[in-house]
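So the structure is just underneath, and the comments pick up after that.
Per chain, numbering begins at 1; letters A, B, ... match sequence-line order.
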Amino acid sequence: MSVVKPSFRPKSDFLAALIERGYVHQCSDYEGLDARAAAGELIAYIGFDCTAPSLHVGSLLPIMMLAWLQRTGGKPVPLMGGGTTRVGDPSGKDEARKMLSIETIEANKAGIRKVFSKFLTFGDGRTDAVMPDNAEWLTKLNYIDFLRDVGRHFSVNRMMSMDSVKLRLERDQELSFIEFNYMCLQAYDFVELNRRYGCIAQMGGSDQWGNIVTGIDLGRRMGAPQLFALTSPLLTTSSGQKMGKTHAGAVWLEADMLSPYDYWQFWRNAEDGDVGRFLRLFTFLPMDEIARLEKLDGAEINEAKKTLANEATALVHGREAAAQAAETARKTFEEGVAADTLPTVGVSMAEMEAGVGVLTAFVMAGLVASTGEARRQVKGGGLRVNDDVVTDERAVLRGADARDGAIKLSIGKKRHVLLRAK
RNA sequence: GGGGGAAUGUCCCGAGCGGCAAAGGGGGCGGACUGUAAAUCCGCUGGCUAUGCCUUCGUAGGUUCGAGUCCUACUUCCCCCA
């Protein structure tokens, strides 16, 4: 029920690793869960909303918990929220999310599924992961039956006191009936997964605590075995920012949505104070190695950041992509050379011959949103072509400006795109 | 059902006597300083074929030379009364 007690000495590899690395915020019963894990019979699930076309770093923490579970002999169950996403979780949200169409949810689900194959081994074996979708059972529920069999176990009085509900009420913010039902469905999922897979634990972010405990409670009332809750801390950067945003928006775990190079850069640009914590949470490096990296001081900590970027990128995009991103970064930042593996935008030969205005070129490269913004950036000295600051907004780029077949466009010191005639 | 409020720059919060591309924050982007960090300081933060043109203040009309600002209807949300 509380933050892990210093006196607690886990016997299972699973809890030992999770606690040591900082994944644990709260657990409903450390000893009980530890015993099950040590006995090698831990099957645990985490639910994933299908609200976006792919997952981003915000979901990485729970994914890593599942990966650790598998590595330490347990069976991970990533649950697709194909059913619950149709309802919408009010936890931690000020207002109701727009209702997503069923087609959107299904499309999102397909994108999200792909991510897991990189972290988990699926199959029929004892520790192989399985990925059910709660639409399989939720959409088949009959309202009256559900109310009689499940609904009677929920106390509205208690539900009203849950943070996700209470906060909305206190702030006089709308909470629709459909959202109010979300926790009932999630609780039911837990019980259903126990029936189907023998799943006994649910993990998730700390904002899920209430929903998870509700599930444990429902399990007890419905005669399921003892269930467990294990939550991870809410992740912020050491300067208190919400984690996982870049100039391009969310940090997606999908190469089509965020290039491996940009993903690598995201980790490379971590704040000093976050490096140790991130190494523990987002890589599988051994603890003594992390301890060594964490001790690096001043500019040396950049080495630790590179390791973080390499390891984190390798997990999502593979070793090769990580190495290439590292090399691109090395050339770009340490040698100041235009690496030909930088993100590239093609321009037609004809356009290149005719000449492209600088402002337009930066818009095409996606470095600025409009020519107006490009103009402002020129005024502020933020744009460079082949490393020369752009001073004339009416300058025109031609084929002759290319070095090794490409023109390097930069905004600021970190973002570069190659413009190539094709 | 009756009465009273509110909706602002498509990231958010928020000022706005009838002359408004619209104060101020936060966030974001850029510059300086550094180590591709943090903190700090400075600039920018509607669009365009650009000394001008176009589109923005919940929606649709109206008054006016001129409307975010006044009037009418509608939508949504909040508060009080029944």
Exercise. Side chain of N269(A): nearest nucleotide among rG46(B), rU36(B), rA50(B)?
Worked result: rU36(B)

Exercise. Heavy atoms under 4.0 Å, any strand shown: does K379(A) hit a base, just sugar-phosphate, or nothing?
Worked result: nothing

Exercise. So, R220(A) and D217(A), do they make that salt bridge, N to O below 4.0 Å?
Worked result: yes

Problem set entry | Whole angstrom value for the distance that separates C1' of rA37(B) from CH2 of W267(A) | 15 Å

Problem set entry | Whole-Å P distance, rC70(B) and rG18(B) | 7 Å

Problem set entry | Phosphate contact (rG35(B) OP1 or OP2) by R268(A) side-chain N/O below 4.0 Å | no

Exercise. So, R319(A) and E311(A), do they make that salt bridge, N to O below 4.0 Å?
Worked result: yes

For this session: Map L383(A) and F333(A) onto RNA chain B by nearest heavy atom, then report which one ends up closer to the 5' terminus.
Result: L383(A)

Seminar exercise, completed: Among rU36(B), rA37(B), rG31(B), the one nearest any side-chain atom of K413(A) is rG31(B)

Exercise. For R375(A), which contact category applies under a 4.0 Å heavy-atom criterion: base, sugar-phosphate, or nothing?
Worked result: base

Exercise. Which nucleotide in the list rG30(B), rU36(B), rG47(B) gets nearest to the side chain of S370(A)?
Worked result: rG47(B)

For this session: Measure the distance from CD on E271(A) to P on rA39(B) and round it to the nearest whole Å.
Result: 6 Å

Exercise. Would D274(A) and R277(A) pass as an ion pair if we require N to O under 4.0 Å?
Worked result: yes

Problem set entry | Phosphate contact (rU49(B) OP1 or OP2) by T371(A) side-chain N/O below 4.0 Å | yes

Exercise. Side chains of Q202(A) and Q208(A): donor-acceptor distance under 3.5 Å anywhere?
Worked result: no

Seminar exercise, completed: Residues of residues 306-331 of chain A with a heavy atom under 4.0 Å from any atom of RNA chain B, listed by number, are A329(A)

For this session: In whole angstrom, give me the gap between the C1' atoms of rG46(B) and rG28(B).
Result: 16 Å

Exercise. Pick one for rC17(B): is it syn, with its angle within 90° of 0, or anti?
Worked result: anti

Problem set entry | Closest to the R376(A) side chain, choosing from rG46(B), rC29(B), rU36(B) | rG46(B)

Seminar exercise, completed: Whole-Å distance, R394(A) CZ to rA50(B) P, equals 9 Å

Problem set entry | Partner of T84(A) under side-chain hydrogen bond (donor to acceptor under 3.5 Å, both in side chains), chosen from N134(A), D49(A), N181(A) | N134(A)

For this session: Looking only at side-chain atoms of I411(A), point me to the closest of rA50(B), rC29(B), rG47(B).
Result: rC29(B)

Exercise. Atom CG of L296(A) to atom C1' of rG35(B): distance rounded to whole Å?
Worked result: 13 Å

Seminar exercise, completed: Here the residues of residues 297-304 of chain A within 4.0 Å heavy-atom distance, strictly under, of RNA chain B are G298(A), A299(A), I301(A), N302(A)

Exercise. Looking only at N and O atoms, is any donor in the side chain of E334(A) or the base of rU36(B) less than 3.5 Å from an acceptor on the other one?
Worked result: no

For this session: Mind checking the CZ-CD spacing from R330(A) to E335(A)? Nearest 0.5 Å is all I need.
Result: 4.5 Å

